[in-house]
Peer 1: 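First the structure, which I've put down as structure tokens, then a few questions once you've had a look.
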Amino acid sequence: MTGLIAASRWSTWRIVNISPVERLGRIAIGLAAATAGVVLLLSAASVLTVGLEILLVLAGLDTFVTGVTGHCWLYQKLGRAPIRSGGA
């Protein structure tokens with residue numbers, strides 16, 4: 001039974017629910033945010049700025065990963081329908 005549940009979760013995770021244009025935007029913005037966070041982290045002066053820059057890197061990586069995979073878990077939770085391929 002657990003194998004069936006795991007297979008069901010895997011199949012819903014693989015559903016693409018982000019448009020191709022949004023995927024490209026997420027990839028570009030995610031890379032830019034992660035890179036900016038790393039660059040800023042190299043010159044961090046206080047504990048607060050280090051924490052905020054780590055959050056920027058993590059947010060950029062999350063945005064990048066959702067763009068690469070084409071699946072956004074928040075869209076899934078909100079009930080956004082998957083993108084249909086084939087133009088219809």
Side-chain angles (χ1 to χ4, degrees):
M1 177 104 168
T2 30
L4 181 61
I5 293 171
S8 173
R9 287 182 184 163
W10 176 252
S11 64
T12 58
W13 182 82
R14 294 185 327 185
I15 296 173
V16 174
N17 60 1
I18 301 174
S19 70
V21 173
E22 185 177 354
R23 287 179 77 176
L24 290 174
R26 283 179 181 239
I27 290 170
I29 291 171
L31 280 175
T35 303
V38 169
V39 168
L40 291 171
L41 194 57
L42 296 175
S43 64
S46 70
V47 175
L48 178 62
T49 57
V50 168
L52 291 174
E53 289 157 1
I54 288 173
L55 288 175
L56 178 61
V57 170
L58 293 175
L61 290 175
D62 179 59
T63 304
F64 175 75
V65 168
T66 58
V68 169
T69 62
H71 180 80
C72 178
W73 64 270
L74 183 59
Y75 283 178
Q76 180 181 353
K77 293 287 184 189
L78 293 174
R80 180 171 176 174
I83 303 300
R84 296 183 192 261
S85 59

Peer 1: How many angstroms lie between CD1 in I27 and OG1 in T69, if you round to the nearest 0.5 Å?
Peer 2: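 Spacing of CD1 (I27) from OG1 (T69) equals 9.0 Å.
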Peer 1: Grab the two heavy atoms, one from E53 and one from A44, that are nearest each other, plus how far apart they are.
Peer 2: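 In terms of heavy atoms, the two residues are closest at OE1-CB, 3.4 Å.
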Peer 1: Are V38 and L58 connected, step by step, through hydrophobic side chains (Ile, Leu, Val, Met, Phe, Trp, Tyr) whose heavy atoms are closer than 4.5 Å?
Peer 2: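 No; tracing contacts between hydrophobic side chains, which count when under 4.5 Å, never links both residues.
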Peer 1: Check whether any side-chain N or O of T66 sits under 3.5 Å from a backbone N or O of T63 as a donor-acceptor pair, and report yes or no.
Peer 2: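 Between the backbone of T63 and the side chain of T66 there is a qualifying donor-acceptor contact (under 3.5 Å).
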Peer 1: Show the nearest heavy-atom pair for residues A34 and V57, with the distance to one decimal.
Peer 2: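 Result for this residue pair: O-CG2, 3.8 Å.
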Peer 1: Could you report the tightest heavy-atom contact between A33 and G60, atom names first, then the distance?
Peer 2: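 Looks like CB-CA, 3.8 Å.
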Peer 1: Answer with yes or no whether the hydrophobic clustering places L55 together with L41; edges join I, L, V, M, F, W, Y residues whose side-chain heavy atoms lie under 4.5 Å apart.
Peer 2: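 Not linked; separate clusters.
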Peer 1: Rounded to the nearest 0.5 Å, what separation is found between the CD1 atom of I18 and the CG atom of L24?
Peer 2: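 Nearest 0.5 Å value for the CD1-CG distance: 11.0 Å.
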Peer 1: Are side-chain heavy atoms of C72 and R26 found at a separation under 4.5 Å?
Peer 2: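 With C-beta onward as the side chain, the pair touches.
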Peer 1: Where do L56 and A36 come nearest, in terms of heavy atoms and distance?
Peer 2: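 Taking every non-hydrogen atom into account, CD2-C, 4.3 Å.
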Peer 1: Can you find a heavy atom in the side chain of N17 that is under 4.5 Å from one in the side chain of Q76?
Peer 2: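 They are in contact (side-chain heavy atoms under 4.5 Å apart), so the answer is yes.
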Peer 1: From D62 CG over to W73 CH2, what is the distance, rounded to the nearest 0.5 angstrom?
Peer 2: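 Between D62 CG and W73 CH2, I get 8.0 Å after rounding to 0.5 Å.
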Peer 1: With rounding to the nearest 0.5 angstrom, report the CD1 to CD distance, I29 to E22.
Peer 2: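 One finds 9.5 Å between CD1 of I29 and CD of E22.
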